[in-house]
Amino acid sequence: MLLLNNIEVIYSDVIQVLRGVSMQAPEGKIVALLGANGAGKTTTLRAISGLLRAQEGKVTRGNIEFGGQRIDNLDPENIVRLGIIQVLEGRRLFRHLTVEENLLLGGIARGGIARDLEQVYEYFPRLKDLRRRVSGYLSGGEQQMLVIGRGLMAHPKLMMLDEPSLGLAPLLVQEIFEEIKKMSEREGMAIILVEQNARLALKIADYAYVMENGRVVLDGPAAQLAENEDIKEFYLGLTQVGERKSYRDVKHYKRRKRWLG
Amino acid sequence: MRKSLFTLMAALLAVALVLSACAPQPTPTEPPPPTAAATEAPTEEPTPSGPPDLTGETITIYHFGDLSGPLAAITTPLIHGAEDAVKAINESGGIYGATLEVKFADTGGKAEEAVAAYDRFTSEDPNALVMITYGSGEAEALAQRFAEDKIVNITAGLSSKAFYGAGSGYTFGLGPIYPDQMGATMKFLSENWDTYKPSDAGDEIKLAYLSWPTAFGQGGLTAESRAYLADLGIEIVAEETYDVSPTADTTTAILTAQAAGANVIWTNTLAFGPAAILNDLNSLGLRDQFVVAGDNWSMDLATYAFLAEPAYGVGLIAPFPYLWWTDTGNTGVQYAQTLFTANERPASEHNVGYLLLVAGVDMTVKALTHAIDTVGYENLNGEAVHDALVEMSPFDVLDGVLRMDFSGGSRSPHMSQIRMIQGGPDAFNVLQDWAETPDLRPQE
Amino acid sequence: MNWQLLPQFVVTGLLAGGPLALTALGLVLIFKSTYIFNFAQGQLLLLGALFTWWFAVEAGFPLWLSIVLALVFSALLGFGIERFALRPMTGQPLLSIVLMTLGLSQALHGLALLFFGGAQRNFPQIFSAANPYKVTTPFIYNDNPIVIILKQNLVWSFVIAILGVLVIGAFFRYTHAGLAMRGASEDHELAQSIGLRIHRIFGVSWALAGVVATLGGVLLATSSGLDLSLSVVVLAAFPVVLLGGLESIPGTIVGGLLIGLSQGLVSASSLSMIRNTSEIMPYVVLLIVLLIRPEGLFGQKRIERI
Amino acid sequence: MGVPRPAGEFDTTYAYDMATIRRNWQWWLLIAFIVSLYALPFYASQSIVSLVNRIAITVIAIQGLNLLTGYTGQISLGQAAFMTTGGYISALLVNLAGWHFLAALPAAALGAGIVGLLFGLPSLRVKGFYLTMSTLAAQFIIPWFTRNIFPDILNGAQGVNVRVPFMFGIEFNSPQKYIYLSLTALVLTTIAAHNISRSRLGRAFIAIRDHDLAAELLGMNLFKYKLQAFFLAAVYAGIAGALAAHNIRHLNSETFNLNNSVMYLGMLVIGGLGSNLGPFFGAFVVEMLIEFATLFGPFFITLFPATAAGAVQALKPLFFGVTLMLFLIFEPRGLAHRWQLLKTAWRLRPFSH
């Protein structure tokens with residue numbers, strides 16, 4: 001459904017952040033986007049959602065298609081109306097509004113209705129109890145649920161989640177990821193999941209891309225990637241248990257790094 | 001380099017002081033001989049016997065006004081009055097053939113702008129003769145300059161400081177100064193208290209001075225006017241101010257005055273100033289408890305524009321140092337009316353400003369003519385016009401629309417009627433005919 | 001203290017706070033959504049009143065129609081201001097934006113002067129200027145109960161102004177459009193990410209501020225008359241906004257009433273020096289607020305979690 | 001000083017590095033300019049002398065504002081109020097106490113400075129826009145005081161007539177003479193402003209403007225520096241106010257009003273914030289606009305039926321406001337920045353970079 005074709009993004013006419021990124025996100029599937037800090041994951045999401053513009057960024061080459069329509073460099077408002085929602089990093093919410101007001105705002109672009117609220121409360125029953133609370137006072141996990149729920153209110157065809165696990169307790173992350181999985185299956189929604197926590201991401205994702213330095217360096221079905229040695233080492237943090245890191249490992253790292261770059 | 005910077009500056013300062021000592025005088029006050037007149041001068045110089053022929057000459061009158069500030073309500077007709085009067089005079093031959101011209105500067109009611117305009121005017125015309133000013137603040141700021149540069153200032157801003165402050169002497173009023181006006185009105189009221197007093201008022205006049213917190217608004221209150229009121233046995237029980245704005249609420253001022261036992265209100269304001277008090281007195285249902293009086297400007301059509309009902313104006317008392325449009329028996333008023341009709345001025349300008357400037361231009365022409373007769377055109381300067389105004393006194397302007405008297409060191413007239421609004425607009429009826437006002441000019 | 005006048009001036013002061021609150025509302029509306037403090041609000045107020053005057057007096061339309069037309073005009077004006085003066089300033093520092101609204105106020109003042117002239121003018125009456133309401137209070141002075149006299153137009157201006165604030169407040173609280181505006185005001189980027197058209201929302205905020213300003217202008221002008229100095233009333237509304245809290249709609253009412261009350265209280269003093277402070281009372285209150293509680297009574301203290 | 005210089009020109013001594021003016025011909029140009037201003041009364045008409053006189057006084061007021069707003073980043077709407085303070089102090093000292101003008105002027109500066117300090121006090125707790133409100137309060141409260149305290153001396157709303165300075169046997173009663181006072185004051189205040197901006201204090205101001213939190217973390221006493229900026233701005237205003245009052249010869253609570261404060265801010269932005277040339281450019285350009293409005297207004301205004309012909313005051317705020325808005329949108333760094341670009345282009349000619 002979503003197709004990125006060799007796109008390039010430049011900030012402030014000078015700084016090139018993405019160099020020829022191509023990827024796709026099919027209906028009803030979860031796509032994980034992995035990579036270190038500064039690899040260009042968030043920029044990719046912003047390129048899709050149109051929010052680049054607020055930061056003086058621009059897609060300068062390549063194109064982005066959604067359902068057969070070119071959407072690169074459209075206004076974010078219009079992209080949302082096509083059914084693409086980016087859930088921003090850092091659990092950004094309208095802190096002075098209540099939970100329910102936050103949710104209603106999520107649906108406002110398509111004329112949010114009360115029935116949609118019930119749907120969100122089904123996924124996250126806890127929000128229902130908290131719906132009159134001022135959202136700024138919620139706990140981190142509750143805020144994350146709210147943010148995802150708010151995205152859901154727009155009935156998106158594609159939801160992009162930017163680091164939903166950041167700073168949350170592992171159990172909570174588990175719970176939230178399960179709901180995400182459920183959502184994508186039930187609503188037939190494509191999901192792009194940007195994560196640092198590669199293990200979890202690969203567990204629920206169907207397909208994954210690995211980015212470095214503004215390029216996609218590796219991609220493949222999630223299960224397959226999870227078995228890839230380099231992924232294991234660099235992103236899952238798995239080495240043979242108990243073994244001391246030796247000079248050989250470092251050399252190996254360097255080799256791998258070259259390959260990845 | 002830094003050292004040399006300071007050396008340079010020190011040198012500059014020294015030079016500056018020397019330079020300022022020998023700075024050129026503000027372009028000479030002695031008139032340069034008018035080139036055209038110079039040739040024919042000798043024949044007429046000794047005794048100006050026959051009327052001189054000044055065809056081709058131009059005499060400029062400079063006019064300061066406020067078309068954008070709080071006094072704009074009256075200024076527009078003021079300018080039109082001057083323009084129309086000058087046009088008519090030129091059509092009938094000017095002053096011995098010389099063309100009269102008016103140059104106007106909009107100062108927005110600010111002294112700073114008035115000074116700038118003054119410098120521009122005196123720069124254009126080294127022999128400026130007459131300037132007409134309007135606001136009290138302007139007149140006060142420029143008073144010294146007029147005296148130094150010997151330029152006659154005919155002013156409608158009648159606060160006493162402009163006339164008699166230190167170093168003034170060339171400022172002449174179109175009406176009595178505000179302390180005189182208040183004194184005259186209060187004298188009249190105290191003499192006729194039984195006739196005009198509110199039904200439940202006592203035998204004593206208790207005065208409340210409710211006005212704007214501006215030079216004009218406070219112009220009536222001077223040491224002399226206070227002393228004069230005290231002599232009349234009138235106590236000032238309240239002095240309150242309100243905003244210079246059509247939206248000003250005078251409720252607290254009025255109620256404070258009432259609580260202090262006031263039965264007469266004096267307001268030194270114009271247009272929406274008196275209207276605010278009259279409106280609020282009616283809105284509060286207190287109109288019958290006060291005699292309301294104000295300066296000459298307060299009794300004008302401009303006030304009606306702000307009254308909630310025209311009837312609210314009824315009963316306002318004011319000194320009236322000129323005739324009014326309704327005095328159609330007077331040829332001067334007839335003349336002004338002819339000008340007004342001929343130039344198709346809108347009805348809203350049928351007010352004191354227009355009439356007064358037709359008269360003011362007439363007064364200027366009389367003074368200029370007299371000065372030319374006395375010293376000759378080639379010697380015509382501000383001083384001559386000044387002397388003419390004093391020598392002519394007492395004299396009537398525009399066939400008695402104004403009665404001027406600048407004798408005895410007084411530079412504002414001391415004659416006024418007292419009038420009262422009785423009925424619809426324009427029904428400014430005479431309560432007391434022309435009479436001498438008290439002379440409350442500041443004692444040096 | 002002039003005890004006899006105290007109840008009267010307290011009530012008069014409170015009533016005067018109504019139009020102040022409405023004027024302050026215009027400022028709050030713009031600040032809430034755009035974080036711009038609009039120094040040109042006074043000129044919007046003036047132009048709103050001038051438009052009404054022009055339609056009613058010059059064009060001869062019925063008063064209600066004139067007001068409606070003026071509301072439309074000022075809404076368009078507000079919309080235009082956002083589009084052409086403030087949108088280009090997006091991302092500029094506070095100083096530039098403050099100066100932009102100051103420049104705007106000068107330019108609008110010049111335009112008003114140019115198109116309407118400096119002369120004062122009569123404004124159509126909406127409320128009766130006669131027959132004041134008289135209320136007998138339980139307070140006794142010199143063995144007589146104190147009677148408060150209230151001008152009809154003052155009372156009705158107050159009622160309409162407060163109603164106006166309440167209606168706008170309800171609009172913000174209970175409608176989707178209001179919710180969108182509240183959302184946009186909090187976080188521009190987040191609002192964009194969920195599909196709010198923030199520039200349209202900013203435009204609407206300015207248009208709404210124009211509407212509110214026109215209402216205020218008409219209410220203030222109808223009691224007496226109209227001239228260019230009408231715009232200065234907004235100078236008394238600045239303190240109201242700071243007192244109530246820059247983002248708070250209910251704050252405008254409380255702030256307006258308190259400022260009006262403070263003016264009424266000093267007016268009842270028996271010392272003329274203290275009575276005269278009535279004109280600067282809003283600014284004295286303002287300084288006190290700045291020193292004691294800068295965020296105002298109902299201002300948002302930032303909710304931050306660590 | 002951040003201006004690109006041609007290749008091959010290096011600072012070889014500290015004196016050269018610190019020098020404001022590096023070339024001899026620049027010295028001569030500056031001297032020639034100043035001399036031509038001082039000689040103005042000998043070759044220019046009175047209206048031009050009067051205009052330059054007013055511009056000089058305005059520039060002083062704006063220089064003060066530049067220290068507070070341009071360098072320290074605190075927006076002030078109270079500059080005119082501090083001018084009122086200075087004007088009254090000087091007027092009273094000269095009129096009543098019979099002080100020499102040269103003694104009254106520093107007293108006026110100091111007095112205004114102290115009052116400015118008082119209204120800077122809220123900077124302890126608030127900043128940015130809130131602080132602007134505090135200065136706006138000054139713009140109402142100070143004139144109120146002149147109207148209401150000591151009515152016997154200050155004469156309430158009517159204000160006071162201000163005596164013409166009389167020094168060295170000269171009465172400064174015409175623009176041709178007064179301009180020497182204004183220009184000399186301007187030269188001195190310019191040197192002072194220039195040195196303040198280059199000193200430790202000036203750098204502290206800039207640090208506060210650019211990031212006050214960071215400046216505080218570096219151990220700077222923010223409050224102290226902000227107060228100093230307020231004080232200095234008001235000192236400049238006091239000097240300008242005294243000069244203006246003795247020039248107008250009349251002073252009341254409305255002589256310098258909110259409108260003046262707004263104009264000064266606008267002039268500063270048009271000229272260039274945080275540049276010592278900014279006040280000169282700004283005052284000059286805006287005064288020229290106003291002169292333009294005065295000269296050509298009457299023709300222009302006849303196009304508008306509602307406006308009385310001659311109401312040139314309508315054009316002044318319009319021209320000023322629109323100019324200010326255009327500058328904010330297209331050249332927020334003001335004319336001084338343009339001037340730098342021009343100079344750079346000239347120095348580096350024929351290469352553009």
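Below, read A as the first sequence line, B as the second, and so on, with proteins coming before strands; counting in each chain starts at 1. Model, not experiment: these values are computed from the prediction.
- Both the backbone and the side chain of D/Leu328 have a heavy atom closer than 4.5 Å to some heavy atom of chain C.
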Output, in order, the C-alpha distance, side-chain angles, deciding distance and verdict of side chain to side chain contact (heavy atoms under 4.5 Å, CB included) for C/Leu99 and D/Ile75. CA-CA 9 Å; C/Leu99 275 158; D/Ile75 310 169; 5.8 Å; no
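- Heavy-atom distances place both the backbone and the side chain of C/Leu291 under 4.5 Å from chain D.
- Heavy atoms of C/Leu104 lying under 4.5 Å from chain D belong to its backbone as well as its side chain.
- Contacts with chain D were tallied for C/Leu108, C/Ile97, C/Leu235; C/Leu235 has the most, counting heavy-atom pairs under 4.5 Å.
- Heavy atoms from other residues, nucleotides or ligands lying under 6.0 Å from CZ of D/Phe223 number more than 12.
- Taking C/Thr277, C/Val284, C/Leu228 one by one and counting their heavy-atom pairs under 4.5 Å with chain D, the maximum is reached by C/Thr277.
- In plain terms, the two heavy atoms of D/Pro122 and C/Leu287 that are nearest each other are CG-CD2, 4.4 Å.
- With a threshold of 4.5 angstrom between heavy atoms, D/Phe119 approaches chain C through side-chain atoms but not through N, CA, C or O.
- Only the backbone of C/Ile292 comes within less than 4.5 Å of a heavy atom in chain D; its side chain stays farther off.
- The CD1 atom of C/Ile280 lies 5.0 Å from the CH2 atom of D/Trp144; values are rounded to the nearest 0.5 Å.
- At a 4.5 Å heavy-atom cutoff, the contact between C/Glu279 and chain D is made by side-chain atoms alone.
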Worked verdict on D/Leu265 versus C/Val98 for side chain to side chain contact (heavy atoms under 4.5 Å, CB included): CA-CA 10 Å; D/Leu265 258 183; C/Val98 164; 5.8 Å; no
Side-chain donor-acceptor pairs under 3.5 Å in residues 48-56 of chain C, sequence neighbours left out?
{"unit_1": "C/Thr52", "atom_1": "OG1", "unit_2": "C/Gly48", "atom_2": "O", "d": "2.8"}
{"unit_1": "C/Trp53", "atom_1": "NE1", "unit_2": "C/Asn122", "atom_2": "O", "d": "3.3"}

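- Contact of C/Thr101 with chain D is not made at all, since no heavy-atom distance falls under 4.5 Å.
- For the atom pair CD (D/Gln313) and CG (C/Leu114), the distance works out to 12.5 Å, reported to the nearest 0.5 Å.
- Against chain C, the residues from residues 131-143 of chain D that qualify, each with a non-hydrogen atom under 4.5 angstrom away, are D/Thr132, D/Met133, D/Ser134, D/Leu136, D/Ala137, D/Phe140, D/Ile141 in number order.
- Other residues, nucleotides and ligands contribute at most 12 non-hydrogen atoms within 6.0 Å of the CZ atom of D/Phe284.
- If you measure heavy-atom distances from C/Leu286 to chain D, the contacts under 4.5 Å come from the side chain alone.
- D/Leu318 touches chain C through backbone and side chain together, each having a heavy atom under 4.5 Å away.
- Within residues 271-280 of chain D, the residues having any heavy atom closer than 4.5 Å to a heavy atom of chain C are D/Leu273, listed by residue number.
- Residue C/Met100 touches chain D through both its backbone and its side chain, counting heavy-atom pairs closer than 4.5 Å.
- In plain terms, the two heavy atoms of C/His109 and D/Pro317 that are nearest each other are CD2-CG, 4.0 Å.
- Heavy atoms only, all atoms of each residue included: C/Ala85 and D/Met325 are closest at CB-CE, 3.8 Å.
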Under the criterion side chain to side chain contact (heavy atoms under 4.5 Å, CB included), I'd like the reasoning laid out for C/Gln106 against D/Val262: C-alpha separation, chi angles, the key distance, then a yes or no. CA-CA 9 Å; C/Gln106 294 274 324; D/Val262 174; 3.8 Å; yes
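- Among residues at least two apart or in separate chains, there is no salt bridge (Lys or Arg N to Asp or Glu O under 4.0 Å) pair with a member in residues 269-280 of chain D.
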